[in-house]
Amino acid sequence: MKDATPAGYTDNGSAWVRTIQVKDTAPTGYADDGTQWVKTAAKVERTIPA
C-alpha cells in the first residue's frame, strides 16, 4: 500500500519524482504573471495641444 503522491510529484513506481514545469522566456514587451504573458506598455510622456 502506498501513500498518496504529493502535489508537484509523480510516482514512477519506486520513487516520487518532482514534476518541474519548464516555461519559455517571455517575449520582448511582455511579462509573465505566473499563468500568462501580459503585454507591458511603457508610459510615454506626451504634450497634447489644447
Side-chain angles (χ1 to χ4, degrees):
M1 179 179 254
K2 292 184 178 182
D3 293 336
T5 306
Y9 289 81
T10 56
D11 187 350
N12 71 0
S14 59
W16 290 334
V17 179
R18 184 167 184 149
T19 53
I20 300 171
Q21 182 180 6
V22 178
K23 292 184 177 181
D24 294 336
T25 54
T28 303
Y30 287 82
D32 187 351
D33 73 356
T35 57
Q36 62 186 351
W37 290 337
V38 179
K39 187 165 187 161
T40 57
K43 292 184 179 180
V44 178
E45 185 177 337
R46 295 185 201 176
T47 303
I48 313 260

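Being a predicted model, the structure only gives us computed values, none of them experimental. In this chain, residues are counted from 1 in sequence order.
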Original post:
Would you say the side-chain atoms of Thr35 and Asp33 include a donor-acceptor pair closer than 3.5 Å?
Top reply: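 Indeed, the side chains of Thr35 and Asp33 share at least one donor-acceptor pair under 3.5 Å.
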Original post:
About how many Å separate OG1 of Thr25 and CH2 of Trp37, when rounded to the nearest 0.5 Å?
Top reply: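 Nearest 0.5 Å value for the CH2-OG1 distance: 7.0 Å.
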Subject >> Non-hydrogen atoms of Asp32 and Ala26 that approach each other most closely >> reply: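 That would be N-CB, 4.4 Å.
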**OP:** Identify the two heavy atoms, one from Trp16 and one from Ala4, that lie closest to each other, and give their separation to 0.1 Å.
**Re:**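 It is CZ2-O, 3.6 Å.
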